[in-house]
Amino acid sequence: MKNYNNQLERFRMIAKRLVDDHSAALHNDEAYTAHLDALMKQLEEQAQQFIASAKTNTDYIKTDIKSLCNKYTDLFIRRNQAAY
């Protein structure tokens with residue numbers, strides 16, 4: 001279980017970094033949409049790579065990673081949508 005939690009924590013750090021990177025680069029509505037799309041694509045790619053390398057039960061980690069992707073996409077939207 002500790003290994004599983006460590007894996008989820010590592011993915012949280014990846015997702016948070018992606019949100020921070022995209023948030024810092026925003027300048028206008030088109031940029032917001034482009035960064036949201038790019039963020040979602042990158043989160044999906046990172047999730048697939050992360051799940052492929054997971055050493056625990058992949059069914060559980062798939063569900064939790066998808067939930068984290070949604071959480072960090074929502075974070076990006078809340079952080080940046082109001083400005084545009």
Side-chain angles (χ1 to χ4, degrees):
M1 189 66 167
K2 184 177 179 181
N3 183 38
Y4 182 78
N5 287 334
N6 287 341
Q7 287 180 319
L8 287 179
E9 185 58 33
R10 284 197 328 261
F11 190 78
R12 278 186 189 96
M13 291 171 31
I14 291 168
K16 175 78 167 72
R17 181 184 44 82
L18 288 171
V19 168
D20 290 344
D21 290 349
H22 284 281
S23 294
L26 291 177
H27 299 291
N28 58 43
D29 286 339
E30 289 177 14
Y32 169 78
T33 303
H35 280 281
L36 178 58
D37 291 343
L39 172 64
M40 291 170 62
K41 182 179 177 183
Q42 287 177 322
L43 283 171
E44 181 63 30
E45 290 169 357
Q46 289 291 327
Q48 288 175 3
Q49 290 174 10
F50 198 83
I51 290 167
S53 67
K55 305 224 186 297
T56 59
N57 186 326
T58 57
D59 289 336
Y60 290 116
I61 204 158
K62 281 180 186 178
T63 301
D64 288 341
I65 293 296
K66 181 161 179 60
S67 175
L68 286 171
C69 287
N70 291 336
K71 174 185 173 181
Y72 282 97
T73 299
D74 291 344
L75 172 64
F76 177 84
I77 291 168
R78 282 193 317 272
R79 183 186 289 181
N80 299 291
Q81 190 175 39
Y84 302 102

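Keep in mind that the numbers below use all heavy atoms, side chains included, and drop hydrogens, waters and symmetry copies.
- With sequence neighbours left out, the side chain to side chain donor-acceptor pair (under 3.5 Å) criterion links Gln7 to Thr56.
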Tell me which donor-acceptor pairs under 3.5 Å the side chains of residues 10-20 have, and how far apart each pair is, sequence neighbours excluded?
| residue | atom | partner | partner atom | Å |
| --- | --- | --- | --- | --- |
| Arg12 | NH1 | Glu9 | OE1 | 3.4 |
| Lys16 | NZ | Asp20 | OD1 | 2.9 |
| Lys16 | NZ | Asp20 | OD2 | 3.0 |
| Asp20 | OD1 | Arg79 | NH1 | 2.8 |
| Asp20 | OD1 | Arg79 | NH2 | 3.3 |

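- Looking only at side-chain heavy atoms (C-beta outward), Tyr72 and Leu39 stay at 4.5 Å or farther from each other.
- Note: Tyr32 and Phe76 have parallel aromatic rings, judged against thresholds of 30 and 60 degrees for the angle between ring planes.
- Identified under the salt bridge (charged side-chain N to carboxylate O under 4.0 Å, His left out) test for residues 33-46, with sequence neighbours left out: none.
- Listed by chain and number, the residues in a side chain to side chain donor-acceptor pair (under 3.5 Å) with Tyr4 are Asp64 (sequence neighbours excluded).
- One finds the OG atom of Ser23 at 10.0 Å from the CG atom of Leu36 (value rounded to the nearest 0.5 Å).
- By the side chain to side chain donor-acceptor pair (under 3.5 Å) test, Lys62 is found to be paired with no residue, residues two or more places apart in sequence or in another chain being considered.
- When all heavy atoms of Ala47 and Ile65 are compared, the closest pair comes out as CB-CG2, 3.4 Å.
- With rounding to the nearest 0.5 Å, the separation of CG in Asn80 from OG1 in Thr33 is 11.0 Å.
- Taking CG from Leu68 and OG1 from Thr73, the interatomic distance works out to 10.5 Å, rounded to the nearest 0.5 Å.
- Partners of Gln49 under the side chain to side chain donor-acceptor pair (under 3.5 Å) rule, at least two apart in sequence or in another chain, do not exist in this structure.
- To the nearest 0.5 angstrom, Ile51 atom CD1 is 7.0 Å from Ile61 atom CD1.
- With rounding to the nearest 0.5 Å, the separation of CG in Asn6 from CE in Met1 is 11.0 Å.
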